[in-house]
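Presented below is the structure to which this report refers.
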Amino acid sequence: MSWDVVMIRTKSNREALDEIKSENIIPFRQTEIADEIRKIAARLGAVCNCEDLSWQELDSDKWSVEFSVGKEEEAESVMLLIRGGEPKEVFALLVADLNTRLIDCSTGEFFLPGEPTSFESWKAYRDKIVKGE
């Protein structure tokens, strides 16, 4: 079970989610994501696996992030599947280095800098499911 986040970037990175138009999206290259994951792994002492450019991984002892990039060389968005804890430092580096925005799939809203995400409520839900409650 994963907490899911979508990574997207547009020319302005300012429009509301329902105002994003395909012609304003700046696609991600598979190799760009791999390069960023390797950089983040080195900064945070994490382990990465970018052998399959369509499905890349970044792991630490606190969290795991899988990047579903897709089979095409470029993707308009990338799905992040989060397991374990919330990788706030990964999010901060992705936003800064790739000039991207993150969408919390649990709320359907963009992350706001300095504001809490829905991770804790998702984690409580996950814990109930895992315990069979």
Side-chain angles (χ1 to χ4, degrees):
M1 180 175 225
S2 64
W3 179 55
D4 301 334
V5 172
V6 173
M7 185 168 66
I8 191 168
R9 75 180 153 199
T10 63
K11 293 175 183 173
S12 72
N13 271 343
R14 293 189 184 129
E15 58 271 82
L17 193 56
D18 61 351
E19 295 175 358
I20 294 176
K21 303 206 181 331
S22 187
E23 62 267 13
N24 292 327
I25 293 175
I26 301 171
F28 298 100
R29 293 180 324 282
Q30 288 178 325
T31 54
E32 173 185 26
I33 300 302
D35 291 344
E36 180 63 17
I37 291 171
R38 288 184 191 102
K39 198 179 340 177
I40 291 172
R43 286 183 188 167
L44 301 180
V47 176
C48 65
N49 180 346
C50 300
E51 289 179 31
D52 179 354
L53 292 176
S54 69
W55 191 268
Q56 305 176 39
E57 301 172 14
L58 182 62
D59 297 303
S60 81
D61 57 350
K62 297 177 185 169
W63 42 256
S64 171
V65 182
E66 297 171 3
F67 295 77
S68 178
V69 183
K71 297 192 182 296
E72 301 298 320
E73 198 171 303
E74 290 189 339
E76 287 189 347
S77 63
V78 176
M79 177 69 78
L80 283 60
L81 294 89
I82 317 298
R83 293 183 173 80
E86 183 175 9
K88 292 180 183 182
E89 57 276 298
V90 173
F91 296 154
L93 291 168
L94 290 170
V95 168
D97 294 351
L98 296 177
N99 189 32
T100 190
R101 295 170 80 190
L102 302 172
I103 303 166
D104 184 333
C105 290
S106 294
T107 64
E109 301 291 333
F110 285 110
F111 285 18
L112 298 173
E115 295 291 321
T117 65
S118 72
F119 180 78
E120 289 302 322
S121 58
W122 172 84
K123 183 178 165 194
Y125 169 76
R126 177 202 64 194
D127 292 348
K128 282 184 178 181
I129 298 297
V130 170
K131 293 177 184 175
E133 295 178 3

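Gly84 approaches Arg126 most closely through the heavy-atom pair O-NH1, 3.5 Å. Of all heavy-atom pairs between Trp63 and Gly85, the closest is CB-O, 3.3 Å. Between Gln56 and Cys50, the shortest heavy-atom distance links the atoms OE1-SG, 3.6 Å.
We find that Arg83 and Glu66 are joined by a salt bridge, their nearest charged nitrogen and carboxylate oxygen being less than 4.0 Å apart.
Residues Leu93 and Leu44 have side chains in contact (heavy-atom distance under 4.5 Å, counting atoms from C-beta outward). Under the 4.5 Å side-chain criterion, counting only non-hydrogen atoms from C-beta, Leu94 is in contact with Leu80.
Lys88 NZ: 12 or fewer foreign heavy atoms inside a 6.0 Å radius. Heavy-atom contacts from other residues, nucleotides or ligands closer than 6.0 Å to CD of Glu51 number 12 or fewer. More than 12 heavy atoms of other shown residues, nucleotides or ligands fall within 6.0 angstrom of atom CD in Glu74. Within a 6.0 Å radius of CD in Glu15, more than 12 heavy atoms belonging to other residues, nucleotides or ligands are found.
Applying the side-chain contact (heavy atoms from CB on, under 4.5 Å) test to Glu115 and every residue at least two apart in sequence or in another chain returns Leu112. Legend: residues meeting ring pair (Phe, Tyr, Trp, His ring centres under 6.0 Å) with Phe119, ordered by chain and number and at least two apart, are Trp3, Trp122.
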Kindly indicate, with the supporting measurements, whether the criterion side-chain contact (heavy atoms from CB on, under 4.5 Å) is fulfilled by Val78 and Glu32.
CA-CA 12 Å; Val78 176; Glu32 173 185 26; over 6 Å; no
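With respect to Cys48, the side chain to side chain contact (heavy atoms under 4.5 Å, CB included) criterion is satisfied by exactly one of Val65, Ile40, Leu58: Leu58. Of the candidates Ile33, Thr31, Val69, Thr31 is the only one forming a side chain to side chain contact (heavy atoms under 4.5 Å, CB included) with Leu53.
Ile8 forms part of a hydrophobic cluster together with Val6, Leu17, Ile20, Ile25, Trp55, Met79, Leu81, Ile103, Phe110, judged by ILVMFWY side-chain heavy-atom separations under 4.5 Å.
Remark: the backbone N or O of Asn99 is paired with a side-chain donor or acceptor of Asn13 at under 3.5 angstrom. Judged by distance alone, with hydrogens and angles left aside, the side-chain atoms of Arg9 form a donor-acceptor pair with the main-chain N or O of Pro27 at under 3.5 Å. Under the 3.5 Å distance criterion, the side-chain polar atoms of Asp4 are left unmatched by any main-chain donor or acceptor of Cys105. The main-chain N or O of Gln30 is never found under 3.5 Å from a side-chain atom of Glu72 such that the two would form a donor-acceptor pair.
In this structure, CD in Glu19 is found 9.0 Å from OG in Ser12, a value given to the nearest 0.5 Å. Here Phe28 contributes atom CZ and Thr100 contributes atom OG1; the two are 3.5 Å apart, rounded to the nearest 0.5 Å.
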